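What follows is a short report on a single structure.
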Amino acid sequence: MDLNPPPEENYANPRTCLFHVLFKAASLAFYILSALFINNFVIIFVVTVLLAALDFWVVKNVSGRILVGLRWWNEINDLGESVWRYESLDQESLARMNKKDAWLFWWTLYLTAVLWVLLGIFSLIRFQADYCLIVGVCLTLSVANIIGFTKCRKDAKKQLQQFASQAIASRVSSTLQSAFTVV
């Protein structure tokens, strides 16, 4: 993954990008600033986790679909088993996705998890186990999206490889068929 955003390209979906970043920043900022201004753990827990849950929902159901063309979900089949589903746009549509939007999506997804880990380390160092609970919930939501979208991306790449191999096999088959029909 490239460290720098693609040059000379504007965001194709600025509102989606804004909300993709907004809830992440809001949950992190509230958690950090609340230690300075609020002495009530319950309020800090509820508001921080609510903001992280809103971020989880926006990323999973809105920005993932719009910014990178990926979607994932879990459902229970008729046998009562949990089944994970991964969906991506077709390869032509994925190739047309805005590179700057995708860069913002992936970097903020990973950076948020890293920041929650650092905040968890600080909570451990300060011997604040109750605050580790908040960080644990928020980190779990972040990591769930990372895992879901990473598996989606791998599934999309696998579909591309299958499409390419089918196209090559079809081309070779039609070439061989036409070669033998001429003889």
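Computed from a prediction, not measured in an experiment: that's the story for all the values here.
- With Val47 as reference, Ile43 is the one residue of Val49, Ile43, Leu50 to meet the side-chain contact (heavy atoms from CB on, under 4.5 Å) rule.
- Ring pair Phe149/Trp72 is perpendicular by interplanar angle, where above 60° counts as perpendicular and below 30° as parallel.
- With ring centers used as reference points, Trp116 lies under 6.0 Å from Tyr31.
- Both Val46 and Ile32 belong to a single network of hydrophobic side chains, linked directly or stepwise wherever heavy atoms of I, L, V, M, F, W or Y lie under 4.5 Å apart.
- Tracing side-chain contacts under 4.5 Å through hydrophobic residues (I, L, V, M, F, W, Y), one never reaches Leu119 starting from Phe127; they form parts of separate clusters.
- Grouping the Ile, Leu, Val, Met, Phe, Trp and Tyr side chains by contacts below 4.5 angstrom, directly or via other members, places Ile134 apart from Leu124.
- In this structure a side-chain-to-backbone donor-acceptor pair under 3.5 Å is present from Thr108 to Phe105.
- Under the 4.5 Å side-chain criterion, counting only non-hydrogen atoms from C-beta, Phe122 is not in contact with Gln128.
- Nearest approach of Leu139 to Ala113, heavy atoms of both residues: CD1-O, 3.5 Å.
- Residues meeting the salt bridge (charged side-chain N to carboxylate O under 4.0 Å, His left out) test with Glu81, sequence neighbours left out: none.
- Side-chain contact between Asp55 and Leu141 is absent, with no heavy atoms from C-beta onward closer than 4.5 Å.
- Of all heavy-atom pairs between Leu51 and Ala26, the closest is CD1-O, 3.6 Å.
- Ring orientation note: the planes of Trp106 and Tyr110 are close to parallel, at an angle under 30° on the 30°/60° scale.
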message = Determine whether Lys24 and Val59 satisfy the following criterion, side chain to side chain contact (heavy atoms under 4.5 Å, CB included), listing intermediate values before the conclusion.
response = CA-CA 10 Å; Lys24 289 174 183 12; Val59 171; 3.0 Å; yes
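- Residue Phe19 places its CZ atom among 12 or fewer non-hydrogen atoms of other residues, nucleotides or ligands, all under 6.0 Å distant.
- With values rounded to the nearest 0.5 angstrom, Ser34 atom OG is found 10.0 Å from Asn39 atom CG.
- Neither Trp73 nor Trp57 shares a network with the other; the hydrophobic side chains, linked directly or stepwise wherever heavy atoms of I, L, V, M, F, W or Y lie under 4.5 Å apart, form separate groups for each.
- In this structure, Tyr131 has its ring center under 6.0 Å from that of Phe41.
- Remark: Asn74 CG is packed, more than 12 non-hydrogen atoms of other residues, nucleotides or ligands lying under 6.0 Å away.
- Residues Ala52 and Ser27 approach most closely at N-CB, 3.8 Å, considering heavy atoms.
- Expressed to the nearest 0.5 Å, how far CD1 of Ile147 lies from OG1 of Thr140 amounts to 9.5 Å.
- Remark: Lys60 NZ to Arg65 CZ distance equals 9.0 Å, nearest 0.5 Å.
- Looking at every heavy atom in both residues, His20 comes nearest to Ser63 through ND1-OG, 2.8 Å.
- Note on Val83 and Ile76: separate hydrophobic clusters, where clusters join Ile, Leu, Val, Met, Phe, Trp and Tyr whose side-chain heavy atoms are under 4.5 Å apart, directly or indirectly.
- In this structure, SG in Cys138 is found 8.0 Å from CG in Leu28, a value given to the nearest 0.5 Å.
- Distance check: Leu22 CG to Thr16 OG1 gives 12.5 Å after rounding to the nearest 0.5 Å.
- When all heavy atoms of Ile44 and Ile38 are compared, the closest pair comes out as CD1-O, 3.7 Å.
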